[in-house]
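First comes the structure, then the notes that go with it.
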Amino acid sequence: MGKAALVTGGSSGIGFAIATMLRDEGFALTLAARTRAKVDAAADALGAHAVAANVANEEDCRRIVDEHRERHGRLDVLVNAAGVGVGGLVDELDTKHIDLQLDVNLRGTILVTAAGLPLLREARGLIVNIASIAGTSPSARLPVYGAAKAGLINFTSSLNRGEEEHGVRATVLSPGFVDTPMTEWAPVPKERMIRPEDCAEVVRALLRLSSYARLPHVVIERVDSTPRAQA
């Protein structure tokens with residue numbers, strides 16, 4: 001049986017770029033995303049199994065893994081790329097937007113990972129969590145998003161401590177602005193953002209590591225290549 005991967009948030013952006021790379025590397029795929037039409041289209045493009053699910057929902061988190069198990073029977077790579085951000089000062093955010101960011105960016109990742117761990121342990125697999133550079137440095141207008149991503153960074157470190165005896169390794173990626181639908185509001189031109197494929201190439205490198213090597217946290221900074229005026 002060939003290797004298999006599960007990607008949440010796999011219908012677009014970083015998740016889709018990583019899924020494309022995994023397909024090219026020979027992995028059978030399950031893609032999960034909230035919108036049925038989008039996840040079906042992405043899965044059709046990659047020859048993957050599609051699951052329409054919302055990781056803010058506990059039952060959906062378990063169902064994603066259950067459907068993957070029924071289709072592929074094993075889990076070698078889990079990519080938690082589902083994410084959502086709502087900008088604003090903390091006192092400007094509605095409680096529903098606070099809950100949404102915590103549920104999707106942190107709680108959902110924890111629940112999907114917990115459901116997938118038995119299969120990952122069998123395969124001595126790899127977990128890749130997509131955080132953000134906002135989780136490493138403060139942003140006044142992304143207080144809840146940044147807090148959730150910081151929690152994701154800590155969660156990944158805890159996973160590595162807890163799963164070392166099972167041979168499961170976890171890496172969290174913290175990129176700067178990436179050219180995805182989530183960053184359409186950003187004050188940086190899209191042509192000067194990090195490419196989703198850059199994140200996929202980092203994951204490809206993780207697949208090449210020996211079983212004795214681990215990268216717990218990879219920060220991907222955006223290079224500001226704007227020409228500067230000569231003095």
Side-chain angles (χ1 to χ4, degrees), residues 7-18 31-39 42 52-61 64 79-113 128-159 171-199 202 217-226:
V7 183
T8 71
S11 65
S12 65
I14 295 173
F16 184 75
I18 294 174
L31 304 185
R34 188 168 56 88
T35 305
R36 166 61 71 183
K38 290 182 179 179
V39 73
N54 180 359
V55 298
N57 180 282
E58 180 180 358
E59 292 182 0
D60 277 10
C61 290
I64 290 167
V79 180
N80 290 299
V84 63
V86 180
L89 297 176
V90 68
D91 61 332
E92 297 173 351
L93 295 173
D94 294 334
T95 300
K96 66 179 181 180
H97 289 147
I98 293 172
D99 291 344
L100 177 66
Q101 292 178 90
L102 294 174
D103 287 349
V104 172
N105 295 319
L106 183 57
R107 180 176 177 269
T109 291
I110 292 171
L111 292 176
V112 172
T113 301
V128 179
N129 296 324
I130 306 302
S132 167
I133 208 162
T136 69
S137 58
S139 173
R141 298 201 64 80
L142 291 172
V144 179
Y145 179 80
K149 294 300 188 179
L152 194 54
I153 293 167
N154 185 275
F155 173 63
T156 304
S157 297
S158 298
L159 271 177
T171 297
V172 60
L173 306 188
S174 294
F177 285 127
V178 180
D179 182 11
T180 70
M182 273 189 64
T183 55
E184 292 177 352
W185 57 272
V188 177
K190 296 181 82 64
E191 64 271 15
R192 283 164 42 198
M193 290 184 182
I194 296 164
R195 311 256 70 79
E197 292 75 18
D198 294 329
C199 299
V202 173
H217 187 193
V218 179
V219 176
I220 307 171
E221 294 182 338
R222 189 184 68 86
V223 177
D224 187 355
S225 57
T226 305

Going by side chain to side chain contact (heavy atoms under 4.5 Å, CB included), name the residues that satisfy it together with Val90, two or more places apart in sequence or in a different chain.
Pro143

With side-chain contact (heavy atoms from CB on, under 4.5 Å) as the test, pick out the partner of Arg107 among Ile110, Val104, Asp103.
Asp103

How close do Val7 and Gly15 get, heavy atom to heavy atom, and via which atoms?
CG1-O, 3.6 Å

If you define the side chain from C-beta out and look only at heavy atoms, does anything of Asp198 sit under 4.5 Å from Val202?
no

Taking the side chain as every heavy atom from C-beta outward, state whether Ile64 and Val55 have any pair of such atoms under 4.5 Å apart.
yes

Hey, is the main chain of Lys96 close enough, under 3.5 Å, to the side chain of Asp94 for a donor-acceptor pair?
no

Worked verdict on Ile130 versus Val172 for side-chain contact (heavy atoms from CB on, under 4.5 Å):
CA-CA 6 Å; Ile130 306 302; Val172 60; over 6 Å; no

Could you check if a side-chain atom of Val218 sits within less than 4.5 angstrom of a side-chain atom of Ile220, using non-hydrogen atoms only?
yes

Does Arg195 reach the main-chain N or O of Val178 with its side chain, forming a donor-acceptor pair under 3.5 Å?
no

Any donor-acceptor pair under 3.5 Å linking the side chain of Arg141 with the backbone of Ser139?
no

Ignoring hydrogens, what is the shortest heavy-atom contact between Ala150 and Gly135? Give both atom names and the distance.
CB-O, 3.4 Å

Separation between CD1 (Ile133) and OG (Ser174), nearest 0.5 Å, reads 7.5 Å

4.5 Å side-chain heavy-atom contact, Leu93 and Gln101:
yes

Does any non-hydrogen side-chain atom of Phe177 lie less than 4.5 Å from one of Ile194?
no

Please report the closest heavy-atom contact between Val112 and Thr8, naming both atoms and the distance.
CG1-CG2, 4.2 Å

Where is the tightest heavy-atom contact between Ala131 and Pro175, given as atom of each residue plus distance?
O-CD, 3.7 Å

Would you mind reporting whether Leu173 and Val128 have side-chain heavy atoms less than 4.5 Å apart?
yes

How many angstroms lie between atom CD of Glu197 and atom CZ of Phe16, to the nearest 0.5 angstrom?
9.5 Å

Does Asp60 use its side chain to pair, donor to acceptor, with the backbone of Asn54 at less than 3.5 Å?
yes

Side chains of His217 and Thr156: closer than 4.5 Å at any heavy-atom pair?
no

Separation between CD1 of Ile153 and OG of Ser158, rounded to the nearest 0.5 Å
12.0 Å

Ignoring hydrogens and geometry, is there a side-chain-to-backbone donor-acceptor pair from Ser132 to Ala134 under 3.5 Å?
yes

Is there a donor in the side chain of Asn129 and an acceptor in the side chain of Thr171, or the other way round, less than 3.5 Å apart?
no

Between Gly10 and Leu31, the two heavy atoms sitting closest are O-CD1, 3.7 Å

Does a side-chain heavy-atom distance below 4.5 Å link Asn105 with Lys149?
yes

